[in-house]
Student: 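Structure incoming, see below.
Both backbone and side-chain heavy atoms feed into the values below; hydrogens, waters and symmetry mates do not. In the text below, chain A, chain B and the rest are named by the order of the sequence lines, each starting its count at 1.
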Amino acid sequence: MDDEYVEAVLSLVERIPAGRVMAYGTVAEVVGESLARGGPRLVGAVMASYGGAVPWWRVVTASGRLPPGHEVAALRELVAEGCPLSPDGTRVDVRRAAWRPRPTHDR
DNA sequence: ACCTTGACCTTGG
DNA sequence: CCCAAGGCCAAGG
């Protein structure tokens with residue numbers, strides 16, 4: 001696991017505003033624009049090992065499902081932030097909550 | 001070096 | 001809407 005990649009992922013996750021979310025795949029996509037792309041699974045691996053220090057609950061699956069094994073804790077945080085949820089309240093309404101960083105217009 | 005695993009994604013049934 | 005199958009890429013045994 002490359003430290004640089006880990007840092008890129010974590011710093012990006014930190015930028016996700018409260019009440020909004022990003023899918024693993026989207027994170028992989030954005031990070032991949034500047035670094036070697038790993039794919040959604042690698043992002044998941046990073047979050048599993050190093051995600052504790054950042055708002056990990058704002059990263060969900062593409063279908064709005066919460067991280068396996070952490071649904072309860074994640075849901076608590078998301079509700080507290082007023083994140084849009086699906087009718088049954090067990091998943092995130094990705095269509096409304098999806099967030100993307102503004103394009104970096106450097107140089 | 002080979003095989004299995006994983007906080008994934010998309011498609012088809 | 002849920003489930004299974006394939007594709008994906010790196011880490012760990």
Student: Rounded to whole angstroms, how far apart are CD on A:Glu4 and P on C:dA10?
Tutor: 15 Å
Student: Could you check how far CZ of A:Arg58 sits from C1' of B:dA7, rounded to whole Å?
Tutor: 17 Å
Student: Whole angstrom is fine here: how far is it from CG in A:Leu42 over to P in C:dG12?
Tutor: 11 Å
Student: Specify the closest pair of heavy atoms between A:Val92 and A:Ala97, including all atoms of both residues, with the distance to one decimal.
Tutor: CG1-CB, 3.8 Å
Student: Does the side-chain contact (heavy atoms from CB on, under 4.5 Å) test come out yes or no for A:Leu42 and A:Val9, once each step is laid out?
Tutor: CA-CA 10 Å; A:Leu42 189 47; A:Val9 170; over 6 Å; no
Student: For A:Met47, report the nucleic acid contact type (base, sugar-phosphate, nothing); a contact means any heavy atom under 4.0 Å.
Tutor: base
Student: Which part of the nucleic acid, if any, lies within contact of A:Ala45, taking any heavy atom under 4.0 Å across all strands shown: a base, the sugar-phosphate backbone alone, or nothing?
Tutor: nothing
Student: Nearest to the side chain of A:Trp56, which nucleotide is it out of B:dC9, C:dC2, B:dA7?
Tutor: B:dA7
Student: Nearest to the side chain of A:Ala23, which nucleotide is it out of C:dC2, B:dC9, B:dA7?
Tutor: B:dC9
Student: Sticking with atom P, work out how far B:dA7 lies from C:dG6, rounded to a whole angstrom.
Tutor: 22 Å
Student: Mind checking if A:Gly69 touches a base, just sugar-phosphate, or nothing, with heavy atoms under 4.0 Å?
Tutor: nothing
Student: Select base, sugar-phosphate, or nothing to describe what A:Gly38 touches, counting heavy atoms under 4.0 Å on all strands.
Tutor: sugar-phosphate
Student: Would you name the heavy atoms of A:Val54 and A:Glu14 that are closest together and state the gap between them?
Tutor: CG1-CG, 3.5 Å
Student: Expressed as a whole number of angstroms, how long is the span from A:Tyr24:OH to C:dG7:P?
Tutor: 24 Å
Student: Give the rounded distance in Å between these two atoms: OH of A:Tyr5 and P of C:dA11.
Tutor: 10 Å
Student: Taking C-beta and beyond as the side chain, do A:Trp99 and A:Arg15 meet within less than 4.5 Å on heavy atoms?
Tutor: yes
Student: Calculate the interatomic distance between A:Arg41 atom CZ and C:dG6 atom P; express it in whole Å.
Tutor: 15 Å
Student: What are the two closest heavy atoms between A:Leu10 and A:Tyr50, and how far apart are they?
Tutor: CD2-O, 3.7 Å
Student: Rounded to the nearest Å, what distance is computed from the CE atom of residue A:Met22 to the P atom of nucleotide B:dC9?
Tutor: 12 Å
Student: From the list C:dC2, B:dC8, B:dA7, which nucleotide is the closest neighbour of the side chain of A:Pro40?
Tutor: B:dC8
Student: Fill in the dot-bracket string of DNA chain B, one character per base: . for unpaired, | for a pair to another strand, ( ) or [ ] for pairs within the strand, taking Watson-Crick or G-U pairs under 3.5 Å.
Tutor: .|||||.||||||
Student: How many whole angstroms separate atom CD1 of A:Ile16 from atom P of B:dA7?
Tutor: 18 Å
Student: Write down the distance separating the C1' atoms in B:dA1 and C:dG12, rounded off to the nearest Å.
Tutor: 14 Å
Student: Looking only at heavy atoms, which two atoms of A:Arg58 and A:Glu81 are closest? And how far apart?
Tutor: NH2-OE2, 2.7 Å
Student: Looking only at heavy atoms, which two atoms of A:Tyr24 and A:Pro67 are closest? And how far apart?
Tutor: OH-CG, 3.5 Å
